[in-house]
Each structure stands twice: as C-alpha cells, then as structure tokens.
Number of protein chains: 2
Amino acid sequence: MATIKDVSKLAGVSVATVSRYLNKNGYVSKEASETIAEVIEKLNYRPNNIARSLAGMKTATIGLMVPDILNPFFPELARSIEDAANEYGYTVMLCNTDNDSTKEQKYIDTLIQKQVDGIIISSYTIKPEHLTGLQKQAIPVVLMDNVFSSDSIVSLTVENRQGGELAVRHLLEQGCSKIAHICGPLSITSSRDRTAGFEHVCRGTDWFTPSLIGYSDFTVKGGYTAMKELLTMHPDLDGVFASNDLMAAGALKALQETDYKVPQDVKVIGFDGIGLEMLNPELSTIAQPIYKLGKTAMDALIGLIRKENDIMTDQVFPVTLSAKQSTMN
Amino acid sequence: MATIKDVSKLAGVSVATVSRYLNKNGYVSKEASETIAEVIEKLNYRPNNIARSLAGMKTATIGLMVPDILNPFFPELARSIEDAANEYGYTVMLCNTDNDSTKEQKYIDTLIQKQVDGIIISSYTIKPEHLTGLQKQAIPVVLMDNVFSSDSIVSLTVENRQGGELAVRHLLEQGCSKIAHICGPLSITSSRDRTAGFEHVCRGTDWFTPSLIGYSDFTVKGGYTAMKELLTMHPDLDGVFASNDLMAAGALKALQETDYKVPQDVKVIGFDGIGLEMLNPELSTIAQPIYKLGKTAMDALIGLIRKENDIMTDQVFPVTLSAKQSTMN
DNA sequence: AAATTATATGAAACCGATTACACATTATAA
DNA sequence: TTATAATGTGTAATCGGTTTCATATAATTT
C-alpha cells in the first residue's frame, strides 16, 4: 500500500505539499499538482483514513444505535440515515441494542473509542446519565423518540398524541361506534402518548370503557393476542387503533381468523407507516415521516459536528393519516 | 480525553508499561498493575482505537454490503452478522448498494480507506474484477449468494436448486396438479437456480407449460402483478411457487383479492424464510438458515483475518421446508 | 527601488497508541 | 557461588497522515 511518503518521494516534493494537494488547502503550484496527480494515479494511492483521523481530523463515521433492525421500522430509518450520511461523505456503524442498557452502554463506549464524529440514538430505554460519556468527549448526539435537552443533544420526535387522536377521529368518521385500542409498552414515552391521544378522544363518549384497551408489546404476536382477548370481551367492537403497525397487523390477523371482515365489520388502523404492502386489506396508519426523520437527524448531527451556529433545536414532526383499505367504507 | 501518556505520568511508569498492561502482553509487576488500574479508573481512561489501529493493530471493524436493508431478508442477515461480530469484538459498518456497481465500487474504496479488517458482501451484481482492490490490500472477503473462488475469498450459498425442487414436490404432495411459478430476476444466479429446480421437477409432467412461469422482480408488488397475469391465463391453477417470500406474499394477496381461497383453492409457497408472521394464512416457505449463514460468514471472515490455517472453504447450506397454513390441506 | 504581499515549499512536531530493544534486577539451576 | 533464565521497565522508533512555522521567490504596491 502506497503511503504519502511514497508519493512525495516519487513526485520529488515534500509530504506537506502532497498533503496540501490532497486537502486542497494551502498553496500548491500547478506543476507540483500535476506531478502529484500523476504519481497518485500511477501508485493508485489512497490516503489512509486511520492516519488522517489520528492526525486530528474527523473519522467521517457516525454511530447509529437502534433497538433492533429486525423491527421493520428501523430498516427504514437506517436506510434514510445512511443515504443522508453518504451524501455528507459519512459512513454508518450499525448497533443493535435490544433496548438493553448494558448493551447500550457498551456500544457507547466502543463508539467513543472508535472516535465516531457523532451518534444517532433511537432508544426507548436510554437515560440522560447514559450520555455523560459522550458529553465529556463532546460527541454530538441526535436522539430520536426521546427528549432530553442539552447543548450537544438534539431530539427529534413526532406528534404521537395528536397521531393517536387523529387515528381515533378517523375511525369515528368512518362510522365506528365502539373502538378498541391496543397500546404498546407503557415504558415507552411515545407509546404512552399515542394511548393518551386515544383516551383523550374516547373518554367521555358513552361507549368507552377501560376494558377496551388491550396492553401489548409492539409485536405482531402481541397484537394478535391482545386482539383475541378484546374480542372475547367486546365481540361487538367495530374499530381498532393499534399503537404501531406490527400490532395492527397482528390484530388484523386475529380478526380475520375469528371471521370478522375488515373493514366491513371492524376497521383497523395502525401507527408508524412502515410499508406492509403485503397485507390484505392494506393497513391504514398514522404515518411518521420516517425518511424525513432520518434525513433531518443526519442534518442536525452534521450541524452539531461542524458546530454551525444555526444549530438545529429539538423538533416535533407532524404525522399524517394514510387511509387504506382497512378503514374504508 | 486522557491519553496513555497521562496515565503513565500519573502512575509513574512509562507508556510502554501501560501499553503492556492494557494488552496483557509482556511483563508488568503487580504493583504497577494496581497503580495503573487505579489511575485508569480515576481518569476514566479509554485507549484510543484510532491510534491503536494506526499502530498496526486491526480496526476491529468489518464492512457489510447489502443491496437494500429495506428488503426484509437483509435485516435478518445483518442482525445475525452483527451479533456474531459483536462476540468477536468487531463492529459493523452498514452499506446499502442498491445493486448498483458504482455505489459498490465507491463503498469498497471507502472501506479500504477506513481500513476495515474484512468485508461481507451480499450482492447480485458484484463481479470478481470489482474485488481486485480488496485483493491488493489483502482484505478478506466473504461473499454471500455468489461464488468466485480465490484465496482470500470465501463464498457461502444455499441449495437454491434443491430448494426449488423441494418446494414443488411439497406442493405436489399436498395434492396440487397445476403449479405456477413466479420467478425472480434472471440476472441473479440464485434466482435462476430456484427456477431451475422448479423446471426440473415440472418439465415432463402432463400439465406443464412454459406460460405457467411468470417473470417478476423479488418484490411484493411484482409478485402481485405476476400472479394476476398468471390467473388470467390459468384460472385453474392450484399451486404457486414464488422464488422469494415477498413475491409469494404478493401472490397471496392477488389470489385473495380474486377470491381464491388459500390454501383450499390454491396453495402457495415462497422461498427465504423471512418472518412474515403477519400474513393470513401464514406462508409456507423454503427456509434458508439465515442466522446460521450470518454467523458462519462472520466465523469465516475472522478465520481469514486471523489467517488461521484451517480457513473455511466455500460452503453450500441446505434449505428446509417450513410448512405453514398456506400449503395445508 | 524599496517595501509589501502573495505564492510555494520543506523540516519537524504532533496525533495516541504499539513494540523492538537495551538494560536492570531477581529467581533458579548448575 | 556463578551462570542462566525469568521478570520488569524505559527509551525511542514507528504507524501515515496534518499542520505550524520558517524560508524563499515572484508579483504588487508605494
């Protein structure tokens, strides 16, 4: 592997000149430039990024921590982040944390040691004190779905509560008169908010009763089980709002198995807007702007890394109703 | 950020001793060890990986190139690889290539510059000449779903053709007497092999005709469209083998929309074994040992990196029938 | 014509670790 | 009681770049 020294020697200039040429800073004469270019071509020289990083430049690498890439929400997020990172010339390190604090902590340590320039964290379990290590090293952080304000931390969330309300209102508009809810883990803020949206609209209506809320865990199987239970208690329900799409898919399956027709007998709506196009009927959902979230996260991170003065502050993104077959009339 | 120098100064020893302590090689007295340990604790010192890498050690990072993490097959692969990598103390760089040669080439360059210790590539489009850069740098490569033999390249594939045969035989056993096939891109070797398996079993039967093969693209939508077309030509078909699960899901949807009952009227089987538990009925499939593939890929890569003498050679993994509701009687 | 300023280059320090080598001390073997 | 081996430690070179600073020449100003 050719080094900058080899290039400088063969080009008859100093390494400093080659370095200036490579980084396009400082003066380099046209002759020198041309010679260097030729030599680089000839030796097929590529600067060693490790050495560059050590010499004080950045690593051009960011860490992306997600609970589990197997959950279809996260590939979408990961993809958008990687695309954006790529445009900025950054590379993404993928870390699955399983919402396990120990793993999170370990990964944060590793990422610090690997000198990543910034980290995007999507986590339900993370707490401010877990980020102190990053703060100490002044490594910028963008937090998704979680808010703790700080200088070097930007938080991005969506309007979960409004989304919950939107979902229920849509079901009501479509003629539902007894709406069940499958809520996600209560430990997750955004999950609680979605449920709060549901309750806000439903409490006070004549049909509402707490047993219309099923408690589940954001998985297909969980949604399926919760739906079955809800059906035994309320065989006459005619609408279901699940706090995420996976549970909604599970609910759909449970309904179909129990010979309820969706959307004729029961209408179903989810939350997230992941592409579950294989479902029949297709699922209405409250869509998060996932791609935009990823892109914004990366933009914000770059802003923090470059210490731009117009650093992005915390943002709350609107969600939109994506009405498909599962809530049609 | 504390450096090894800070530690050595505070501990009253040389950096060499601290380094020896850190890497547990060479002699370090008990007293020195204890003092160093205390100082490290006190300063919350963490060795700088970049410096370590530059000093000749490895980066403990591998690259993972996949076509698109949005395709549900790849999160499963990525997850298993990351888990295995983690156990070895490695970190994974995620690269989406979109089966685009230019992107692939760019990523390979980037990964070389970032000095990854090895690369796992899952790609339909990659060709041997794209890997010459890696060969030159002696960066080990594990190739999935593609075979080109070489010293520093190990290839892992599955028995695609046998899987195709298995799928059709299963349909026949379940009583199907007119089986259609939705095949994937012909540019992809494993796709062609699966179709070859189908043809091998079907050619020569009295019902087979080439128009029972629909050409598609490994997507849900593609499978859906292909199924609709097949149905107009062969409304009496009673079995479908799709070359991957996504197309099978699309086919399932098309069948249900056209009021065919699955599995009563038509039985459907896919290929891959990705977890599409939200489908109703659940999809029978020819399952690849995805987790094992990932784990093995990582093991092989580590073997190449460490230049172990019992380096793994190319492997072809068996596939298994996962019979679910969609092919039941 | 003298004083500035812009252009161009190289020597050497530095980033934060690893490691070969030299040297000193202690423990064991002959 | 030596000779030899095992243990322990520090100095300095090295990895491959970036960057400060000093210096030299060419181009402008005054």
Side-chain angles (χ1 to χ4, degrees), chain A residues 1-37 39-40 43-61 109-110 112-117 136-139, chain B residues 1-37 39-40 43-61 89 109-110 112-117 137-139:
Chain A
M1 185 79 183
T3 72
I4 198 173
K5 244 181 219 162
D6 301 328
V7 175
S8 80
K9 227 170 270 174
L10 210 64
V13 297
S14 72
V15 292
T17 304
V18 179
S19 179
R20 278 189 289 263
Y21 168 84
L22 290 171
N23 299 294
K24 303 187 204 311
N25 60 23
Y27 297 108
V28 180
S29 68
K30 205 188 271 178
E31 296 100 297
S33 291
E34 279 165 12
T35 321
I36 292 171
V39 173
I40 286 178
L43 296 181
N44 190 31
Y45 165 77
R46 295 277 176 282
N48 179 324
N49 253 288
I50 300 290
R52 278 190 151 168
S53 301
L54 183 58
M57 289 189 56
K58 301 300 189 152
T59 51
T61 301
D109 267 12
T110 305
I112 290 176
Q113 279 178 63
K114 297 214 171 182
Q115 309 261 96
V116 296
D117 295 341
K136 264 188 204 155
Q137 315 297 327
I139 295 178
Chain B
M1 184 76 182
T3 73
I4 198 173
K5 245 182 219 161
D6 302 326
V7 175
S8 80
K9 226 170 272 174
L10 210 63
V13 297
S14 72
V15 293
T17 304
V18 179
S19 178
R20 271 181 227 116
Y21 168 84
L22 290 170
N23 299 294
K24 304 187 203 311
N25 60 23
Y27 299 108
V28 181
S29 68
K30 204 189 269 178
E31 296 100 298
S33 290
E34 279 165 11
T35 322
I36 292 171
V39 173
I40 285 178
L43 295 182
N44 190 32
Y45 165 78
R46 295 278 175 282
N48 179 324
N49 253 287
I50 300 289
R52 278 189 151 168
S53 302
L54 183 58
M57 290 191 55
K58 301 301 188 150
T59 51
T61 301
D109 267 12
T110 305
I112 291 176
Q113 277 178 63
K114 297 214 170 181
Q115 308 262 93
V116 295
D117 295 341
Q137 314 298 326
I139 295 178

Which letter, B, S or -, goes with each nucleotide of nucleotides 15-27 of chain D from 5' to 3', with contact meaning a protein heavy atom under 4.0 Å?
BBBBB--------
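Residue Tyr27(B) places at least one side-chain N or O closer than 4.0 Å to OP1 or OP2 of dT7(D).
Remark: Thr35(B) engages no residue in a side chain to side chain donor-acceptor pair (under 3.5 Å) (not counting sequence neighbours). Contacts of Asn23(A) classified as side chain to side chain donor-acceptor pair (under 3.5 Å), with partners at least two apart in sequence or in another chain: Ser19(A), Arg52(A). Thr61(A) meets the side chain to side chain donor-acceptor pair (under 3.5 Å) test with Lys114(B); sequence neighbours excluded.
For the pair Leu54(B) and Leu54(A), the tightest heavy-atom approach, listed with the atom from each and the gap, is CD2-CD2, 3.2 Å. Shown here for Ser14(B) and Ser8(B), the closest heavy-atom pair between the two residues is C-CB, 3.6 Å.
Taking atom NZ of residue Lys24(B) and atom P of nucleotide dT18(C), one finds them 12 Å apart after rounding to whole Å. When the C1' atom of dT26(C) is taken as reference, atom CD of Glu31(B) falls 13 Å away, rounded to whole Å. Spacing between atom CD1 of Ile112(A) and atom C1' of dG16(C) amounts to 17 Å, rounded to whole angstrom units.
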Considering only distance and modelled atom types, tabulate donor-acceptor pairs under 3.5 Å from the side chains of residues 44-51 of chain B, sequence neighbours left out.
{"from": "Asn48(B)", "atom 1": "OD1", "to": "Ile50(B)", "atom 2": "N", "distance (Å)": "2.7"}
{"from": "Asn48(B)", "atom 1": "OD1", "to": "Ala51(B)", "atom 2": "N", "distance (Å)": "3.1"}
{"from": "Asn49(B)", "atom 1": "ND2", "to": "Gln113(A)", "atom 2": "OE1", "distance (Å)": "3.2"}

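Between Val18(A) and Leu22(A), the closest side-chain pair of non-hydrogen atoms falls below 4.5 Å. Between Ile40(A) and Ile36(A), the closest side-chain pair of non-hydrogen atoms falls below 4.5 Å.
Between its opening and closing five pairs, the helix from dA1(C)-dT30(D) to dA30(C)-dT1(D) changes axis direction by 40°, a value rounded to 10 degrees.
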